[in-house]
Amino acid sequence: NGLTNGHSDIPLAYIPCGTGNDFARAAGISLAPIEAFQQILHCHQPRVIPAIKYEEKITQETHYFVNNTGIGLDAAIVYSANHSNLKAKFNQYHLGNLIYVTAALKNLFRQKGFPIRLVSNGQELSYQRAFLCTVTNHPYFGGGVGIAPEQKLVEKSISLVVVERISLIKIFYLLLLLLKGNHLKSRSVHIHKASTIQLISILPQHGQRDGEEMGKRSYDLTFSIHEQLFWGI
């Protein structure tokens, strides 16, 4: 975000050392830090990657991201994981993914459906019981889960995945479909693909951007493509 303010021509290099590392997985960057560093050293020319820009109408903010931004369940999971007393202990034993598993199980019961409105490819749509809304420029979220399996990192497009609130029994069945990559067959899962997408949630919800908390509030977000130079991809 700092580079986009007058320095967008400076390429970024990325060595994954987090918990999920979904951008590295999508970009073909090694999850082993030393190997990722070697990839950077052997790269002779940076590559343009379609990152995503969003403009938040309510707060008059502009931000950029390379993984995903979400409101609803995934953001509630991020919030719970970041504020859990167990996070430091799990990380100490290199079990950071477990904190997201426990946070996910807790929020599956707590997260309620909420109304959203969106504009995609000039078409205005609404969902009354949205449960999870994730905007991404590559297939993965949550540490390798293929939430948008047909989205390619090099495409100049954005995918918005909307999952509607259903009964808990159906949610667990949907999770099984998700792990097998068949969740798009469910009538509760909707995917919208466009170069620009507007997403509005009047009812306050948790939000997250690349795993960072955005607060629990109303949102009016317009997403578009932002070209960013990267080394080692």
Side-chain angles (χ1 to χ4, degrees), residues 1 20 22 51-83 100 103-138 140-142 145 147-148 151 157-168 170-171 174-175 178 183-184 186-226:
N1 279 275
D22 287 316
I52 304 178
K53 168 187 176 181
Y54 78 67
E55 296 172 273
E56 217 298 322
K57 188 175 182 180
I58 297 173
T59 59
Q60 298 293 305
E61 294 176 340
T62 299
H63 288 285
Y64 302 82
F65 62 97
V66 294
N67 273 314
N68 43 67
T69 287
I71 60 174
L73 179 63
D74 62 331
I77 292 171
V78 168
Y79 177 85
S80 294
N82 287 345
H83 293 271
Y100 289 99
L105 290 173
K106 181 174 73 172
N107 284 282
L108 277 175
F109 292 91
R110 290 183 174 182
Q111 180 65 44
K112 297 179 180 179
F114 56 95
I116 64 165
R117 184 162 56 89
L118 64 95
V119 179
S120 173
N121 291 321
Q123 184 180 12
E124 186 170 325
L125 300 164
S126 62
Y127 297 98
Q128 297 305 310
R129 290 176 54 80
F131 182 59
L132 176 149
C133 304
T134 297
V135 174
T136 182
N137 66 334
H138 62 72
Y140 308 112
F141 84 153
V145 178
I147 187 68
Q151 178 69 41
S157 63
I158 302 164
S159 283
L160 166 63
V161 180
V162 178
V163 180
E164 294 183 272
R165 178 75 211 196
I166 50 181
S167 68
L168 280 176
K170 290 182 178 180
I171 285 175
L174 182 59
L175 288 175
L178 177 61
H183 57 290
L184 296 184
S186 171
R187 286 185 289 183
S188 302
V189 179
H190 312 274
I191 188 161
H192 303 275
K193 201 168 184 177
S195 58
T196 302
I197 295 176
Q198 183 182 15
L199 173 61
I200 301 170
S201 172
I202 300 300
L203 195 66
Q205 297 295 320
H206 284 290
Q208 66 85 17
R209 178 186 69 251
D210 280 354
E212 301 293 332
E213 296 171 37
M214 296 165 62
K216 186 175 183 179
R217 54 185 174 85
S218 301
Y219 290 95
D220 185 342
L221 300 160
T222 298
F223 300 91
S224 58
I225 295 296
H226 168 75

Give a yes or no on this: more than 12 heavy atoms of other residues, nucleotides or ligands lie within 6.0 Å of atom CD of E212. no

Rounded to the nearest 0.5 Å, what separation is found between the [atom1] atom of [X] and the [atom2] atom of [Y]?
| X | Y | atom1 | atom2 | value |
| --- | --- | --- | --- | --- |
| L184 | H190 | CG | NE2 | 11.0 Å |
| Q123 | L118 | CD | CG | 8.5 Å |
| L125 | H192 | CG | NE2 | 5.5 Å |
| R209 | Y64 | CZ | OH | 12.0 Å |
| Y127 | F114 | OH | CZ | 12.5 Å |
| S195 | N121 | OG | CG | 7.0 Å |

What do the steps show when you test L160 against F223 for side chain to side chain contact (heavy atoms under 4.5 Å, CB included), and what is the final call? CA-CA 10 Å; L160 166 63; F223 300 91; over 6 Å; no

Checking side chain to side chain contact (heavy atoms under 4.5 Å, CB included) for the pair I52/T69: CA distance, chi angles, key distance, verdict? CA-CA 9 Å; I52 304 178; T69 287; over 6 Å; no

The test is side chain to side chain contact (heavy atoms under 4.5 Å, CB included); show your working for N68 and Q208 and say whether it passes. CA-CA 8 Å; N68 43 67; Q208 66 85 17; 3.2 Å; yes

Is any side-chain heavy atom of [X] closer than 4.5 Å to a side-chain heavy atom of [Y]?
| X | Y | value |
| --- | --- | --- |
| K170 | S188 | no |
| P115 | L203 | yes |
| T136 | F141 | no |
| H183 | L175 | no |
| L108 | F131 | yes |

What are the two closest non-hydrogen atoms of [X] and [Y], and how far apart are they?
| X | Y | value |
| --- | --- | --- |
| E124 | R117 | OE2-CD, 3.2 Å |
| V161 | I191 | CG2-CD1, 3.9 Å |
| I158 | Q151 | C-OE1, 3.9 Å |
| V163 | L174 | CG1-CD2, 3.7 Å |
| A75 | G70 | CB-O, 3.6 Å |
| S120 | A194 | OG-CB, 3.7 Å |

Do the rings of H83 and Y79 sit parallel, tilted or perpendicular, given the 30° and 60° boundaries? tilted

Would you call the rings of Y54 and F65 parallel, tilted or perpendicular, where under 30° means parallel and over 60° means perpendicular? tilted

Scan side-chain atoms only and decide if H138 and N67 contain a donor-acceptor pair under the 3.5 Å cut-off. yes

Among side-chain atoms of E56 and H63, is any donor-acceptor pair under 3.5 angstrom? no

Only residue of I200, V119, T196 satisfying side-chain contact (heavy atoms from CB on, under 4.5 Å) with T222 is T196

Donor-acceptor pair, side chain of R165 and main chain of Q111, under 3.5 angstrom: yes

Is a side-chain N or O of D210 found less than 3.5 angstrom from the main chain of V66, in a donor-acceptor match? yes

